Amino acid sequence: MFSDKYLNKNMIAWFYYDPNWEPSHSTLADDIEQPQNTHCYVYPRFVYDDYGYVPIPAEDFPNLGSIEVITKAGQTCESLHTTLHHRHVVSIRLQKPPFTNNNNTYNKYLSFYNGQSNSDILITDFSQGSHVYQVISPNTFDYDDLNTKSGKIVLPNDPDSIYTSGILLKYGDYYLGPFNVITENDTLTLVSLPDHNYHVKQYEGDYIDEGLLGVRDKNGETVATFINKQDLDDATVLKDSLFISDKTN
């Protein structure tokens, strides 16, 4: 059963639509008359409260935790996905309670108007970087890369996998950071943050592991991982300053 506690709250969700959809797949008259894919789905995973993002139980949004969204006013799933920069981790905000079918196994929203105020649901590119860091674990990183005068770490870029400007780097049993990420063509450059006095810290992993926010797709696979900034502030620091770097150098 849907709870009003999710209304008008920022949530992290996974976005999906069938790129191979055809009108013949649907029994709805509107779909047959107007052959456009207007049925997409969001899977709410975390909701923001006074402390930070907390997990959403799947049973709070029946049918594997999904909400059906029907786009309106000429918007299609493809055009919506374009506004989301073709990414699947999104920010949503529910502005009206969902419609629920008779056996309470499926929630449905009837309208999405490209982020307009009359939409039942708002779906936007994930941009809650002020509250979380993204956690990455690149295969190409070596701890010795920190021993440079510039204090920068350059990694291969996967543009679809980076959602926030703040990054925490997992290395073995530890975490390093926080960093600001600069995306340039085929590389990611990690630099230390001015609001941390350009210090990069080494954190013990156990506490951070417990607070990780793994965003799952509809198959249960983790596609991106975040951590609340408050959780990082509370984590045990093993080394306070691995190096100091001005990001402009």
Side-chain angles (χ1 to χ4, degrees), residues 10-20 40-48 52-53 55-56 64-66 77-92 123-143 145-146 151-193 200-203 205 208-229 231-232 235 247:
N10 289 327
M11 290 185 277
I12 302 175
W14 188 75
F15 172 86
Y16 172 77
Y17 74 98
D18 182 0
N20 299 314
C40 45
Y41 305 86
V42 291
Y43 295 71
R45 298 308 192 203
F46 302 95
V47 61
Y48 189 79
Y53 283 100
I56 296 174
L64 299 179
S66 67
C77 296
E78 290 83 357
S79 62
L80 172 55
H81 200 206
T82 297
T83 67
L84 301 172
H85 305 290
H86 301 283
R87 298 179 178 184
H88 292 277
V89 177
V90 300
S91 179
I92 67 172
I123 306 174
T124 58
D125 185 30
F126 180 67
S127 58
Q128 303 302 319
S130 60
H131 301 299
V132 298
Y133 294 114
Q134 185 171 353
V135 179
I136 64 174
S137 181
N139 296 326
T140 59
F141 172 71
D142 189 278
Y143 193 87
D145 293 340
L146 287 171
K152 297 179 180 180
I153 300 174
V154 179
L155 302 169
N157 181 27
D158 182 357
D160 293 332
S161 67
I162 301 298
Y163 290 92
T164 65
S165 60
I167 295 292
L168 193 65
L169 190 67
K170 180 172 176 56
Y171 183 74
D173 295 330
Y174 308 109
Y175 291 86
L176 311 175
F179 297 95
N180 184 52
V181 62
I182 300 173
T183 303
E184 296 175 334
N185 298 323
D186 59 347
T187 62
L188 296 174
T189 301
L190 304 184
V191 296
S192 47
L193 296 172
V200 172
K201 300 178 181 180
Q202 180 178 351
Y203 297 90
I208 293 178
D209 287 341
E210 294 179 0
L212 293 179
L213 309 172
V215 181
R216 295 172 289 108
D217 64 16
K218 67 185 183 71
N219 298 317
E221 297 293 328
T222 300
V223 295
T225 303
F226 305 95
I227 186 171
N228 289 306
K229 289 187 175 181
D231 284 337
L232 187 63
K247 67 176 181 177

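Owing to the predicted nature of the structure, the values given are computational and were not obtained by experimental measurement.
Applying the side-chain hydrogen bond (donor to acceptor under 3.5 Å, both in side chains) rule to Asn228 yields no partners; only residues at least two apart in sequence or on another chain are considered. With sequence neighbours excluded, no residue forms a ring-ring contact (aromatic ring centres under 6.0 Å, His included) with Phe46.
Going from atom OH of Tyr16 over to atom OG of Ser66 covers 11.5 Å, rounded to the nearest 0.5 Å. Leu188 contributes atom CG, which lies 10.5 Å from atom CD1 of Ile182 (distance to the nearest 0.5 angstrom). Rounding to the nearest 0.5 angstrom, the gap separating the OG atom in Ser91 from the CD1 atom in Ile123 is 10.0 Å. A distance of 5.5 Å separates CG of Leu169 from CZ of Phe179, quoted to the nearest 0.5 Å. Going from atom CD1 of Ile167 over to atom CG of Asn180 covers 8.5 Å, rounded to the nearest 0.5 Å.
Under the side-chain contact (heavy atoms from CB on, under 4.5 Å) rule, Met11 has a single partner from Val42, Val90, Ile56, which is Ile56.
The shortest side-chain heavy-atom distance between Asp231 and Ile208 does not fall under the 4.5 Å cut-off.
At distances below 3.5 Å, not a single donor-acceptor pair connects side-chain atoms of Gln202 with backbone N or O atoms of Gly177. Put simply, the side chain of Lys170 gets close to the backbone of Gly172: a donor and an acceptor are under 3.5 Å apart. The backbone N or O of Glu78 sits less than 3.5 Å from a side-chain atom of Thr82, completing a donor-acceptor pair.
Here the shortest heavy-atom pairing between Gly211 and Ile227 reads O-CG1, 4.1 Å. Nearest heavy atom pair, residue Tyr53 against residue Asn10, reads CE2-O, 3.8 Å. Between His88 and Tyr163, the closest heavy-atom pair is N-OH, 3.6 Å. Counting all heavy atoms, side chain and backbone alike, Arg216 lies closest to Arg45 at O-NE, 3.0 Å. Of all heavy-atom pairs spanning Thr164 and Phe226, the tightest one is CG2-CE2, 3.8 Å. Heavy atoms only, all atoms of each residue included: Cys40 and Leu80 are closest at SG-CD2, 4.0 Å.
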Please step through side chain to side chain contact (heavy atoms under 4.5 Å, CB included) for the pair Thr225 and Val215, ending with a clear verdict. CA-CA 6 Å; Thr225 303; Val215 181; over 6 Å; no
Output, in order, the C-alpha distance, side-chain angles, deciding distance and verdict of side chain to side chain contact (heavy atoms under 4.5 Å, CB included) for Val135 and Tyr175. CA-CA 9 Å; Val135 179; Tyr175 291 86; 3.7 Å; yes
Report the C-alpha distance between Ile92 and Phe126 in whole Å, list the side-chain angles of each, state the deciding distance to 0.1 Å, and finish with yes or no for side chain to side chain contact (heavy atoms under 4.5 Å, CB included). CA-CA 8 Å; Ile92 67 172; Phe126 180 67; over 6 Å; no
Could you go through the side chain to side chain contact (heavy atoms under 4.5 Å, CB included) check for Gln134 and Ile162 one step at a time? CA-CA 8 Å; Gln134 185 171 353; Ile162 301 298; 4.2 Å; yes
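Classified by interplanar angle (parallel below 30°, tilted 30° to 60°, perpendicular above 60°), the ring pair Tyr17/Phe15 is tilted.
Note that Lys229 lies in the cation-pi zone of Tyr133, set by a 6.0 Å cut-off to the ring centre and a 45° limit from the axis.
A donor-acceptor contact under 3.5 angstrom links the side chains of His131 and Tyr48, judged on distance only. Inspection of the Tyr43 and Asp217 side chains reveals no N or O donor paired with an N or O acceptor under 3.5 Å.
Few gaps surround CG on Asn219; more than 12 heavy atoms of other groups in view lie less than 6.0 Å from it.
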